[in-house]
Amino acid sequence: MALLGTVGVAALLPARGAAADVADAGATGAVALLFFLYGARLSARETLDGLRHWRLHLTVLGCTFLLFPLLGLAARGLVPTLLTPPLYAGLLFLCLVPSTIQSSIAFTSIARGNVPAAICAGSFSSLAGIALTPLLAAALLGADAGGFSPGSLAEIVVQLLLPFLLGQVLRRRIAAFLARHKKVLGLVDRGSILLVVYTAFSAGMAAGIWHQVSLPRLGALLLVEAVLLAVMLLASWYGAGRLGFDRADRIAIQFAGSKKSLAAGLPMASVLFGAQASLAVLPLMLFHQMQLMVCAALARHRARDADRDPTAVRRRDQAAEPDRDPELELELGQDRARHQDRDLDRDRV
């Protein structure tokens with residue numbers, strides 16, 4: 001709702017002239033701060049621990065940065081019958097964006113999947129996307145990205161990669177501060193994204209770019225994205241099954257490998273596309289809302305299946321039980337027996 005409201009404000013009151021320059025400068029600083037916070041929050045120890053499940057992580061990375069881009073390239077055949085070139089550029093950019101972290105973890109947890117694997121897979125995807133998304137955009141988008149050129153990679157390094165690395169370096173010193181002010185920093189995250197959205201859509205309004213998008217084109221874009229999401233959900237689920245993963249891992253792969261991060265994609269689009277960012281981020285914004293609604297329903301469906309599966313219920317109960325030391329259990333039993341004897345003696349008295 002906040003995203004839609006921001007788009008409405010940008011349509012009614014777009015930033016122009018000096019206000020546009022101030023908004024651009026603010027968005028640039030907000031993006032750098034956003035990636036600094038990403039770097040400061042990502043634990044290197046958790047990342048190294050997750051390397052032990054490397055097959056799962058490679059599968060998620062393959063879905064995110066190989067299968068998604070291939071499907072995006074295949075959609076080029078829809079231009080110009082269903083999609084305009086700017087909308088197709090945004091759709092292809094959507095296919096290059098890394099996976100989500102928070103929603104992948106949440107849906108994996110609801111569906112009774114492998115939550116630690118989802119945490120590591122989302123973190124790896126976000127980390128890899130800082131380098132892979134600009135490189136893939138340079139190779140696949142080219143002149144189709146409007147204001148994008150390979151020279152924008154230097155700007156990506158300065159605005160995204162360096163703040164991220166600085167956050168990693170300073171993580172130990174500021175981790176306690178970040179933990180104490182988690183709610184406030186969450187507002188900073190959302191505010192940064194909304195500022196980027198406002199700046200991008202204001203530039204689109206000033207340039208009259210929205211006259212290029214009609215309602216039939218938007219309907220066609222939604223249809224294409226629905227097919228894209230369905231293909232990725234099916235491919236990640238059944239592909240993981242063919243690779244021999246168990247049910248919990250398949251759930252983590254499906255939710256981490258089929259989604260795209262709006263939080264990471266919007267700042268990158270503002271850097272890569274410049275004045276054309278408004279149309280470039282439109283497919284990503286629509287896909288983001290669609291994936292949340294579809295995956296929420298799918299996660300509940302997976303949870304109901306887990307409740308009906310005796311094997312899954314038994315494994316979940318075993319995982320919930322703490323490991324028991326036989327010697328400790330014997331001592332506890334003896335203590336209980338002594339207490340019962342004392343109670344009997346008091347009753348006799």
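For reference, positions follow the sequence shown, starting with 1. Remember, predicted model here, so these are calculated numbers, not experimental data.
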Atom pair CG (L96) and CE (M268), whose distance is rounded to the nearest 0.5 Å: 10.5 Å

Between A11 and P14, the two heavy atoms sitting closest are O-CD, 4.0 Å

Please determine whether the number of non-hydrogen atoms from other residues, nucleotides or ligands lying under 6.0 Å from atom CG of L70 exceeds 12. yes

Can you tell me how far apart CG (L67) and SG (C95) are? Round to the nearest 0.5 Å. 9.5 Å

Can you find a heavy atom in the side chain of D249 that is under 4.5 Å from one in the side chain of R55? no

Just so I know, are the side chains of F65 and T133 near enough to count as touching, which here means a heavy-atom distance under 4.5 Å? yes

When you measure from the centre of the six-membered ring of F68, is the NZ or CZ of K260 under 6.0 Å away and within 45° of the axis? yes

For the residue pair P69 and L92, what are the closest heavy atoms and their distance? O-CD1, 4.3 Å

Determine the minimum heavy-atom distance between V115 and S109, stating which atoms define it. CG2-CA, 3.7 Å

Can you list, pair by pair, the side-chain donor-acceptor contacts under 3.5 Å of residues 231-243, counting residues two or more places apart and other chains?
residue, atom, partner, partner atom, Å
S236, OG, M232, O, 2.7
S236, OG, L233, O, 3.1

Separation between CG (L286) and CG (L222), nearest 0.5 Å, reads 5.0 Å

Quick one: closest heavy-atom pair of V281 and A269, and the distance? CG1-CB, 3.4 Å

For the CD1 atom of I251 and the OG atom of S104, what is their distance to the nearest 0.5 Å? 13.0 Å

Using modelled atom types and a 3.5 Å cut-off, is there a donor and acceptor pairing between side-chain atoms of Q291 and backbone atoms of K259? no

Out of the candidates R112, R247, R300, only one should pair with D305 under the side-chain contact (heavy atoms from CB on, under 4.5 Å) rule; please name it. R247

Main chain of A121, side chain of S125: is a donor-acceptor contact present, judged purely on distance under 3.5 Å? no

So, the side chain of Y88 versus the backbone of G77: is there a donor-acceptor pair under 3.5 Å, distance only? no

How close do A299 and F107 get, counting heavy atoms only, and between which atoms? CB-O, 3.7 Å

Do T81 side-chain atoms and L78 backbone N/O form a donor-acceptor pair below 3.5 Å? yes

Does L82 offer a backbone N or O that forms a donor-acceptor pair with the side chain of R217 under 3.5 Å? yes

Just verifying a value: how many Å separate L73 CG and L91 CG, rounded to the nearest 0.5 Å? 10.5 Å

Would you say T64's side chain and S99's backbone share a donor-acceptor pair under 3.5 angstrom? no

Once you round to the nearest 0.5 Å, how far does CG of L218 lie from CG of L87? 7.0 Å

Are V227 and V79 connected, step by step, through hydrophobic side chains (Ile, Leu, Val, Met, Phe, Trp, Tyr) whose heavy atoms are closer than 4.5 Å? yes

